[in-house]
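A short write-up of the structure that comes next.
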Amino acid sequence: MNKPVKFCAILTMRYTNKSLMHSAHDYIDKHMPPQPKGLIAMRSFHIAPDRGMSICYFDTNDNLNNAFKSLKEFQQNVAGKFEAKADAQKAITSSQSDFGEI
């Protein structure tokens, strides 16, 4: 079944000092910038005690492209404050293999 695609920013963080992860979450809660235009969902995951990932879903590629720089800058700022390494990538969901919410 083909579904409409979503445009995504995949933000990952790996803490060199895993004990700072909780403090980083508190900082993010207090300093989160306003939602960018076209953001339709965001999911965050704990992958391991020292790693996390967030996926931001956008309605259009233009809205993803317009928001990507500021998302990446905020993430790099957090990484710099909390002894972490950050990575940001753009992605698109698969129209054939995306099952969405089940």
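- Atoms CD1 and NZ, from Ile40 and Lys6 in turn, are 5.5 Å apart once rounded to the nearest 0.5 Å.
- Under the side chain to side chain donor-acceptor pair (under 3.5 Å) criterion, Ser70 pairs with no residue, sequence neighbours left out.
- For Lys90, the side chain to side chain donor-acceptor pair (under 3.5 Å) test picks out Asn65, with sequence neighbours left out.
- The cluster map of Ile, Leu, Val, Met, Phe, Trp and Tyr, joined by side-chain heavy atoms under 4.5 Å apart, puts Leu20 and Ile47 in different clusters.
- For Asn63 against Gly38, the heavy-atom pair with the smallest separation is ND2-CA, 3.5 Å.
- A search for side-chain contact (heavy atoms from CB on, under 4.5 Å) contacts involving Ser19 returns Asn17, not counting sequence neighbours.
- For Ala79, the side-chain contact (heavy atoms from CB on, under 4.5 Å) test picks out Met13, Ala84, Ala86, with sequence neighbours left out.
- To the nearest 0.5 angstrom, Cys56 atom SG is 5.0 Å from Leu71 atom CG.
- In the hydrophobic clustering of ILVMFWY residues, with side-chain heavy atoms under 4.5 Å counting as a link, Val78 and Phe45 come out apart.
- By the 4.5 Å heavy-atom criterion applied to side chains, Thr93 and Cys8 are counted as neighbours.
- With rounding to the nearest 0.5 Å, the separation of CD in Gln89 from CD1 in Ile55 is 11.0 Å.
- Scanning for side chain to side chain donor-acceptor pair (under 3.5 Å) contacts around Thr12 gives an empty result, with sequence neighbours left out.
- For the pair Met42/Ser54, a side-chain contact is recorded, criterion being any heavy-atom separation below 4.5 Å from C-beta on.
- Rounding to the nearest 0.5 Å gives a distance of 9.0 Å between CG of Leu11 and CG of Asp87.
- Legend: ring-ring contact (aromatic ring centres under 6.0 Å, His included) pairs involving residues 7-33, not counting sequence neighbours, sorted by first then second residue: His25-His46, Tyr27-His31, Tyr27-Phe82.
- In this structure, Glu83 has no side chain to side chain donor-acceptor pair (under 3.5 Å) partners at least two apart in sequence or on a different chain.
- Within the structure, ring-ring contact (aromatic ring centres under 6.0 Å, His included) pairs that include any residue of residues 52-74 do not occur (at least two apart or interchain).
- Looking only at side-chain heavy atoms (C-beta outward), Lys37 and Asn66 stay at 4.5 Å or farther from each other.
- Among residue pairs with one or both ends in residues 10-28, those qualifying as salt bridge (charged side-chain N to carboxylate O under 4.0 Å, His left out) are Arg14-Asp50; sequence neighbours excluded.
- When all heavy atoms are compared, the tightest approach of Lys72 to Ala88 is CG-CB, 3.9 Å.
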